[in-house]
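One structure is given below, encoded as structure tokens.
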Amino acid sequence: MEQILANGIYLGAQYAMIALGLTLIFALMNVLNFAHGQMYVLGGFVTYTFYGQLGWPFVVALLASCVTLAVLGALIEKFLFAPVIRRSSREESTMLLAAGLAFFFDAIILLVFGEKQRGVPKIVNGVLNWDFRIIMPYDRILICFLAILSIVGFIVFMQYSKTGRALRALAQDRTAAQLMGVNVERYSMIGFAIGAMLAGLVGGLLVTITGVNLGMGGPTSIKAFMMVMIGGAGVISGAIAGGIILGFMEAIGLAVLSQYGDITYLLIFVSLMIFLAIRPQGLMGKPWG
Amino acid sequence: MPRLSMIQWTGLLVFLIAVFVLVPAYIAASGRTDFYYTLTSVALLSIASAGVWLTFYIGRINIGQGAFALIGAYVSAILVTKAGISFWLSLPLAGLFAALVSVLIGVPILRLRGVYFAMITLVLTQVVTLTALALPVTNGAKGITSIPLPGEISVFGLTVIPDFAGLENPRLAFYYTSCALMVLTFAAMYRLVNSRLGHLCRSMQQNEELASSIGVNIAYIRVIVFAISSFLGGIGGAMFGSIAQSVYPSSFQVTDSVNFMLNCFLGGLGYVFGPMLGTLVLYFGWDLLFELGRYQLLVYSGLLIILMLFLPNGLLSLRIRGKGVAGR
Amino acid sequence: MSNLLEVRHVTRKFGGLTANNNISFSVNENEILSVIGPNGAGKSTLFKMISSFLPTSSGEVLYRGERISNLKPHTVARMGVVRTFQETTIFKSMTVRESIVVAQHLRAKASLAGYFWGTKSAREDVESFGRYADDLIDFLGISAIRNELASNLPQGNLRALGLAIGLATDPKVLLLDEPFAGMNHDETMRMVQLVRKVRDDRGVTVLLVEHDMPAVMSISDRIIVLNFGEMIAEGTPTEIQNNQKVIEAYLGSADDEIGI
Amino acid sequence: MKRRHFLGASLLTAVLATTTSIALAENPVLKIGFVGVTSGPAAAWGISNQRSMETRAEWINETGGYTIGDTTYDIEIVSFDDQKDPKRAIAGMEKMAQEGIHYVVGPNVDDGAAAVRPVAEAKGIMYFPYAFPKELYTAPASNAVLGMVANYQSGPAIYKHLKEKEGVNTVAFIAANESDPLSQRDGGLAAAEALGLEVVSDNVTYQVDTTDFTPVLTPVIRTQPDLLVLSGVSPANAPQLIRSARELGFQGLISTETAQDATVLREGAGELANGFISVGGASTPEIASDAMKEFVERYTKMFGEYNDESNTKVYALEYILETLKANPSAIDNVKEFQSTMDTFEASNPYMKGDAKLRYVGTSSFGQKRQVAVPLVVNVYQDGEFKTLFVAEVD
């Protein structure tokens, strides 16, 4: 029982972080960023390069991941998404662009970092074993703690900083924000950069535990979509809730249904579909986004 | 009810000649027989994409066509291998079964809009894949293999369709069959879009509330359209199963669902023939870039991004506005 | 004059909030009846319940003695009770004429499959839709914008388009949602004439929700006043103008609501 | 603007195309195909394949070509990325037929291998998939040759060894919820039961995209098996599974029947991976010949980093070429190739001693449709593989 709880919290925290960036971008620009998982992978590879290969301190490598992805995100928004949104008659067209970007990142990652699974040295050794009721390696506890810290930091940033408030205004109502004097273009770019940065950050954090390989991008994106949907698209608290719920669903499902192995995920997916059919806006979303 | 203009008749004729005469002639002359399969794939994938396009036409982003293609492939494979019925009978049955499933699923989920519908269909693809892995009738992970080729159809002793297994070149037969299906599909689509149902779809795409206020039973039309869409997916999937002579849970996956959607975007959501062109460019493009080796994906995705940047409304938006096929 | 539409003890709650509380009134045939009230009085909610866009929490709406509440909007439309929307709710990328043609859905005799195969009755329908659309365009005097895309129309024309779409369904009762909002005096007067003409020439009973007091006073046969979800008055324009409760309700609200 | 971009792109295309197919020396060219997955999540499988072929081909060309009959050929590898999609795999096989290729390595997975069968048989192509379904190799199927040791062949050998030498009595299986791993699990299960091992857990599966294996493994570890088998595990998942199992306190043995890479294990699981048993080709120092060492060296030089999975995958090309050498008329006639397979024998350049290249599979498939890759069972220790034992398949 305690183990399920611990697994749930650990999974939930990392999922919530992945979902946060995606939901932020969605809230701001109504873009379903298919390339989010690839950004996460890219973040992982940057940390791998600096920490695992070049031997820099982990924190510096993590910062490098954040900065790289933030810059990349800003450029992508400015030169790709913004013009396409301007020119397109239906905003769903950005999905093709996002998918193209996902392929593009996949290609770049393959060419630059290769096809192999990569890992970095552990940041902390040892395993916490509380009487076999909770078994949790220390590095996971640390990463989980850092993830929660980042989530809290992000919420504080969104609540209290000037940028955060502008972003929230923008997410709520683009036109109203514009009337209020928010520089919509500038803040869209900043928002996208922050969303990408979050992906890079969580990629960098998780590379210490799960390692990284070029195939992780697509599935990560899909998982992140699911979390966002559970919580409600474009709602920050919803993304966190969605991440934690999915984390717990996996932890509980795998523990309870393990003898029916093949159908654990089937059940998770089906219940997700039923849930969404009954409550399309997710837990906290506005109806019809 | 629009009558076809002279130019449109000519266009249609040229298209038919190109597909059924010029392409085979070119392939025979150049010896590029591998194009048969590639173009067969394009034809079949564009049928499934046409279904997705239709759901776009009522304003729904459908990332679940892979699920229906897989259902279709399995239904046909099971009917042919286990029940021993003719492939040609299993083909419409596969489509109908996919349509039936889509009605059952569609009733609750079609109320959803925007990304919500997109996500639920995305999950649907995975559900069907996992179900195929878990069920005994689909033979689980081992898939269904060694499916016989389509047999012959004869009416009063006259062979209408020959036994594919006895043909010297079954690829050519599959090419003709698939192209014929594609032509039928798109003719029907064109007709549908320009008939009352199409107009109602358009009204729903633009404003569902207003549409229901003028007495349109939007729930009914959504289900009808989703069923047609899934029918096309099932047909496409069943044909593929027959060509590969095998079906696995991984025969159609989330990637395929996403690709079907991308085909529509690339061709242009406002044009009936968009999915056909989109499929051709996306699928054939990949094959043409085969020479690039390790740079294939890089160049492919790069071109995709550039296309999107300059033609965000699809390739067909290059046409002069107002002359769009769907009658923008 | 008979009871065409009857609202019976209709209540609507959103969570703990009561948007409409026990509202009852009836609409007579060939009447123009307005529902007014300050912002947040529950006018729109009431409207949505009459057209079944929203289910009631309790109570019911009857049309010719048949219940039309808690159904589907299209079913109610089929029975002849049709609502219009404010100007943003249009078919953006259709022209005026296309919109009117599409809106004649209820007049169709052929089945959807019939249209697909192009049967005789479908061809006749298509022809009749076109004729009727042209008639309607002339009737409303909007032939100048016949082939304009709806998204390109100015506000005033959008209202006319909304009315045209509503009329195209051949309604018995037309529910107009703020038909005069945002119009200047001349435009309002023209619209008032048009609504009267719809009632007089086509025998359509009109129920409208409106803010614009002068327009309401000049057009309505009777008026219903809502405040905080309660019905506080009912009567002819003159009676309403002199009703103490109504004056208080309006004085208690923001300045721009005062139009009396 | 648009036009300029398109021109730029097509120019790039042209340049890339010419650089990738630099004209070879004046020898005639013999094309060998590869159809497999070289992008996306499973890229590692196909890329190790493709690169080992390219390394070997360049090595041959550099040393003057490969003589078959009276002609000396340069070898060109034509690769097609099927993206792990059976529909694409068919297109790839068609492409190979188009290029006049009769010998193809791949595809890497079951569904792809099954899908290309009709094309290969219609167009006269021998193909060497890395997929285990028996019907691919059993008559009436004629053109597929299993390119490695199947898990239902290596499994019994490994389990037997572990039962006898390590006293393993109970075994647990875990597999990804995907065709190939599930089939391999079922194969392993049957083998274990046939040996009289007690199977304590066999139905736990995980999604391919799992990143945290702790919840997946917890119930398996609770059954306390002596041996944990990771059925058909991908190189990406293996280190994480090992790490999670060890962190959960698992003390027993862990094994798999697929090839792994030592670097990946070292990076992903560190010393926790010590004692991990897997199947490999012949790069362990105890048995690798000088040719194998040179191959690894050349591969590393060409691509920057070696992949131990290539040990197994180097063989398919070698078998094709050696068989053609043995019967030059097979160069464009797979019937000849097939008849040569029954009697073919050549020395194995990659292994020390007098190991032979020959075709096997009679007991599994009823016909010789498998390459006799030495069944080398490795154990991982501190960043490299050591040979546990070597066996043969018949």
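Here the structure is a predicted model, which means the values were calculated and not measured. Naming: A, B, ... by sequence-line order, numbering from 1 per chain.
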Heavy-atom count check: over 12 atoms from other residues, nucleotides or ligands less than 6.0 Å from [X] [atom1]?
X: D:Glu271; atom1: CD; result: no
X: A:Lys78; atom1: NZ; result: no
X: A:Glu2; atom1: CD; result: yes

For the candidates [options], which exhibits the highest count of non-hydrogen atom pairs separated by less than 4.5 Å from chain D?
options: A:Leu11, A:Asn213, A:Ile4; answer: A:Leu11
options: A:Gln14, A:Met136, A:Met216, A:Arg118; answer: A:Arg118
options: A:Gly126, A:Gly119, A:Pro219; answer: A:Gly119

Residue part contacting chain A, namely of [X], when any heavy atom lies under 4.5 Å:
X: D:Glu247; result: both
X: D:Ser244; result: side chain
X: D:Arg243; result: side chain
X: D:Arg246; result: neither

Against chain D, label [X] side chain, backbone, both or neither, depending on which of its atoms sit under 4.5 Å from a heavy atom there.
X: A:Asp106; value: neither
X: A:Asn125; value: neither
X: A:Phe103; value: neither
X: A:Val127; value: side chain

| query | Where the side chain of D:Asp180 meets the backbone of D:Asp110, is there a donor-acceptor pair that is under 3.5 Å apart? | reply | yes

| said: For the residue pair D:Lys313 and D:Tyr130, would you count it as a cation-pi contact if the rule is NZ or CZ under 6.0 angstrom from the ring centre and within 45 degrees of the ring axis? | reply: yes

| request: Select, from D:Asp212, D:Thr211, D:Thr263, D:Asn237, the one with the greatest count of heavy-atom pairs under 4.5 Å involving chain A. | output: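 Of D:Asp212, D:Thr211, D:Thr263, D:Asn237, D:Asp212 has the most heavy-atom pairs under 4.5 Å with chain A.
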
| message | Please verify the inter-ring angle class for A:Phe269 with A:Tyr265; under 30° counts as parallel, over 60° as perpendicular, anything in between as tilted. | response | tilted

| said: Ring-plane angle category for D:Phe295 and D:Tyr306, please: parallel below 30°, perpendicular beyond 60°, tilted otherwise. | reply: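 Judged by the thresholds at 30° and 60°, the geometry between D:Phe295 and D:Tyr306 is perpendicular.
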
| Looking at side-chain heavy atoms only, is the closest gap between D:Leu265 and D:Phe276 below 4.5 Å? | yes

